[in-house]
Structures are given as C-alpha cells and as structure tokens.
Amino acid sequence: MIGPDGRAQHGVFILLRRLRVPLVLLIVSYSVAIAGFTVVTGYTPEGRPWQMSFFHAVYFVSFLGTTIGLGEIPYPFSDAQRLWALLSIYTTVLAWLYGIGAVFSTLQDPLFRRILHENRAFSGVRRMREPFYLICGYDDSGTLVARELAEAGVRTVVVDKNPERVDAVEVDQLRQQVPALVADASDPRALTLAGIANGRCAGVVALTGDDSINVNIALAARLLNPKSEVICAARWHHKQPEMAAVGADHIINPFDTFAERLVLALQAPSLHIIYEALTIQNANAMGTPRILPHGRWIVCGHGPFGRTVRRHLEKAGIQVIVMEEHADDDLPDGSVAGSPTRAETWRAARVETADGVVVCGPDDTENLTACLTARKLNADVFLAVRQNERRNSPMFRAAPVDLSVLSGYIVAAEVLRIIRAPQLSYFMRLARQQKEEWAHNLLMSMREHIGDDTVESWSVTMDREEAPAVVAALRSGRVVRVGDVMSAPDNRDLRLSAVPLLLQRANEKVLLPGDEEVLAEGDRLLLCGREVATSRMRWTVRDDTVLAYVLDGIASNRRVPWPALPPLPPGSNC
Amino acid sequence: MTFDKIFFAFVIVLALTLNLGFVVGDIANIAHHNRYELFASLVVSLVATVMKFGDRSQLGSTMLATSLVADLQLMAAAAFWAYATLDGSYPSVHDTVTIVSLAMGALAANVISVVLLIIETASLRR
C-alpha cells in the first residue's frame, strides 16, 4: 500500500490502529481490577479491617494479570478479596490473550506484511550512497544484468511483479546488497518507492517482457528523473517509436540485434570479427571469419522473431523460405504451411538443399524437436535456433545445432554494453553502416597494431580529471593531435599498440580519427588495443613532462619509472 | 453519527472533566483531592491516547502528542503520591502541592486536546 507520494507507510501506525480495541480492553480491565482492590475490605491478622492502597493494588493486579502469582500480600485475603481476585484473573488474562492474538494476527496480515516489505525496500533504496540502476523485471535478462553489474560493483534495485522472482534476488546471492520490491512496475508510485526519482538513480532498465509496461517505465523515468539513462527492451517493432517518443535513450530489440549480427556475419565477416573482438572478453582480432552460406535459408516460425530475421535476410539479398504452422496475412509467397516437428513439412521446404535454417518458435520443446527433424534430413545445414527459457540451456547445448540464441541473454549483453562501455555501442552503430572494405582495413590495422593479444577498449575524456596535461597544453595555446597522444611515452618515434576508433565532440563524430586530427578540450576518444597501452596512454595525457616530450621531443630530466618492462628492441611497436 | 465518533469525543472530554474535577480545590489541602478521581482521569487519559493511535494527519499527531503529555503528567502525579505515602501516612502539604500541580499540567494538555477536537469538528465540511 504505497502512499500517493511514493513513500512506504509506517507499519507501526497500522499496527497501533489495529490494536486499538484490545488495548482499550486491557486498560479498562486492569483499571477495574485495581479500583476494585482498593475498595474491597480485608482483615489484618489482628482482625482490623483494611483496604489496599492504589500502590498495592497496582502491584497485585500486575502480577495477577500476567499470571505470575506471588501470593496474597501483604496479609492473607478475606473471602471478598479472593472473590474479586478470581474475577480479576479471568478478565485480565482474557484481555491479554485477546491482545496477543490481535498482535499476531496483525503481524500475519497480508496488508501488514506488504507494508513491512515496502518499508524494507524503501529504506534499502534510501540508504544507497552510490549511483544505482533500477532494474524493472527480474526474469532471465534481468537476472543476468543484476549479477554482472553486482560483480562489477555497480549497485542495483530490482522491481518485479512476481513475488517468486523477487525472492530469487535473495537466493541468487549477488555480490552487493540489492533492495528488491514486489510491485507493478507500471505503477509510478511503485517506481518512486524503488528510487526512480532519487538523485542517485543513474539509469532505469525496463526488462519486464511487456512492451506497454516498458513504455510506461520509460515515460516515468523521463518525467520523474530527466537526468537518468533509460534503457528499454522491446519485442514488437510497432512499440519502438512509442518508446523513443517517451524518451528512452536506448531501445534493445533482441530479435533485431540477433538478425543484424547474423546478417553482419553473412555480409561483413571482418566487421563481425571486430565486433566479437571488442565485445567478447579475452577475444583477439586474429579470428578467421566463419563463412556462413549465402544460398537458400529457411526461417521456421513467423512470429516477431521470425519476421525480423526474414526481413533482415531478405534485405541482405538472401532467398528465404518461411515455414509457419498457422497461416497469417503477411506470409510471403512460397511459404510452407505445416508443423515444424514433422519431416514432411521440412521436405516440403526442401531442407535437403537449403544452406541455413533459423528456428524461431516461441516454444523450446517444439524448437528442439524441429531442429532434430531438420538435422536428420540435412546433416550439413547451418542450424540456428531460438531458445526461450534459460533453464533449458543444457538441452540446447547438447542439441545438434550450430547456434542457439537466448533472447534474454542478448538483451542482457546489450544492456551491459550500454552501461559499461557507452561509447563502444555507439561506435558499433556507426561501424555497421560502413562497407566491408572499411571494416577489412580496420581489421588489418588492428592486426598490425595489436597482433594476437586480447583486445581491450577504453575511453579517454580530454578534461581536467582524466587528462590534465592535455588540457593545460591546450589552454596554453598548444596544438595536440591524436597522433601525439598515440606515441609511446618513452620513445616518441614509436606508436602505442592501439587503434583510435572514435573521436566524439559536442556535435561532431569522427570515425577512425587520423593522427593529424586536432584534439580539443572535452573530446572523448575511444580506443582499442593491448591492455598495457591503456596505462601508458593515460600516463601521457596526465603528466606534463611526458606530454612535453611527445609533443616537442624535449627529454625530461625525470627518469622513466618502468623497471618492470624490458628494454624495447629498436623498431618494434610498444 | 457513528458510535466510534461519539466514543472518541466522549473519552477526550471525559479525560478533561475528570482531570478538572481532581484539580479543583485548595492546592495545599489533600482533603480537596480524591485519589479515585486521579486514578480515573489517568485511566481515561490512557484510553484517549489509544483512541488517537494511527492517525497520520497533522491534527491527529498533535492530538496524540497532547494526550501523551497528559498521561505523563498524571502518571508522575500518581507515582509521586504512591511514593510519598509509602509509610501509610497522608501526603504532606508540600507533597500535595506537587501532586496537584502535576495534575494541573495534565489539565492544560487536556484543554488543548479538547480545543483541537472542536477545531477538527468545526472544520469538517458537511
């Protein structure tokens, strides 16, 4: 029961309100019992009549009501007093039982538990001292994103409608404390409670699996926290403009992403290798492209995934045959109707002579059956299959397929790329529009400068924090070029083993900037290269003496503090 | 008109009247102050406090606070009375003045409580 201001209500007030009647009963029964004892006459051992003072009465009723029973004090009771004590015992004990029962039933009450849960999540969010990401939806992709971000030390908050999934947050044992809230993410109050309007909320990730709810989340994020980054997953193309309109910064369509990469592998094998080298950890630029067959492809299933794959393949000029069990209006000509689990259907689609098959159904069992059927008819065909649920991974690994695609995994990988290396995904978008020849040249340049080492990518912003030396030189009127910061800090005739990929300015983007490109304050430079080049380059842009050396060749009197590195053989790249 | 509302107003006004009844009289003369009246005003004041639980409005919280003040003052008066008469004697003039003045403090809180009740009732739109 979140309040209209998006704050959790105080459970203690609800508890007190529920306990009004039992508390009044308790007070009344105690006061009647106490008052009675001050009135009823007793007798001292000497036979004098006496009445209890209020002090004694409160004392006696206190241990009587709690059934401790210390005896008749200060004198043995008269029969009248015993009668009153008897009545008092029953009324006060009953009042206690009723009160305790009411406390327990309130604590067990679903409403009260919900309030406690919301309070826990709310205080968890409020205690956050670092920037955090709000993850809406904790299914396959949400789980992966949360785990990876937690490993990287990034704080997250999870909202999901399904209590079981939210319980999983606790079971998953993430590296960081992750506040989790069971709530409908389309409710702005729930999002506010989860910290969407919090100044520390760096971004909102909408992964609910329902496009309309994702649109709601994007809208709420844009309006309630204009500075936050909004990442939105989409399933249906017709919802994407809506997401863009409400201000989502990144829209991820896993089907598009997969289809684009499939086509990329078909059309621009070099770019595909660059893509893999930059995005997969521990990958290098030396991989040989997997040549995918260009001939005739069969797309099995015509849902959103099948449609997307078909459109991308057709755009790439590949002949596509669609196989679909249920006829619909925009099936292309020459489609084959029938169940993909039956061999006749595959024969009708002439799978024996096809070059590639993409199975896109929404049901994992059916997809695997279809794969086995197709594989039986054509042992060499390239077989890609869509996996819908992560729990089926062992079966997909064992199945005779060339590629299995889990859309939750694709979404998670894209989200992580956007959060961890925002410039890289922008570069990828630009690179995809280039020709294969351009990609081939870049690949050759990467191989020349980086070799078979693992490719790392990093960004340097030419500001006072990251590159104070460059900023100082620029302010004093010096010209600093990309080539200058790319030189080795200990021998300016050599080059760092890195390739500049993208230079980003306020309103200008330079793809693959040349050495002659002039740097300006505030530029962001994206590079890829050997890991060792990262720190050497950072040294150049930070240290005045090193920068003066690479700019003018003025050898500084400072020793190069690198005893760990072996002397460089002449003429080699560093 | 509901039973709840009648009971609510009844308890709050009763707390004031009982308190007033106890306080009225010579402040230094214990014979003018009935111990049952103090007990009754304490009990009714406690019930009034419970009745005000759980209202988060500004007026509701102020009412709860005044009630808590009254409880505290009356409890202090009752405890002091019990402590001063542990040997079975009557409270001295000084003790009496202390007891009654503590109860007078509670009276002030109870007056505020009733005023708030009237304000709330008057500001209700029909």
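Each chain gets a letter, A, B and so on, in the order the sequences are listed, and its residues count up from 1.
For A:Phe63, the CZ atom sits in a packed shell: over 12 heavy atoms of surrounding residues, nucleotides or ligands are nearer than 6.0 Å. More than 12 heavy atoms of other residues, nucleotides or ligands shown are found within 6.0 angstrom of CD on A:Glu46. In A:Trp50, the CH2 atom is crowded: over 12 heavy atoms of neighbouring residues, nucleotides or ligands sit closer than 6.0 Å. Heavy atoms of other residues, nucleotides or ligands lying less than 6.0 angstrom from CD of A:Gln51 number more than 12. Taking a 6.0 Å sphere around CZ of A:Arg113, one finds it holds 12 or fewer heavy atoms contributed by other residues, nucleotides or ligands.
With a 4.5 Å cut-off on side-chain heavy atoms, A:Val39 and B:Tyr36 count as touching. Here the side chains of B:Phe39 and A:Thr38 are not in contact, with every heavy-atom distance at 4.5 Å or above.
In plain terms, the two heavy atoms of B:Val50 and A:Arg20 that are nearest each other are O-CG, 3.3 Å.
Only the side chain of B:Leu86 has a heavy atom closer than 4.5 Å to any heavy atom of chain A.
With chain B as partner, the option from A:Tyr30, A:Phe55, A:Phe54 having the largest number of non-hydrogen pairs under 4.5 angstrom is A:Phe54.
Atom-to-atom distance recorded for A:Leu16:CG and B:Leu64:CG is 8.5 Å, nearest 0.5 angstrom.
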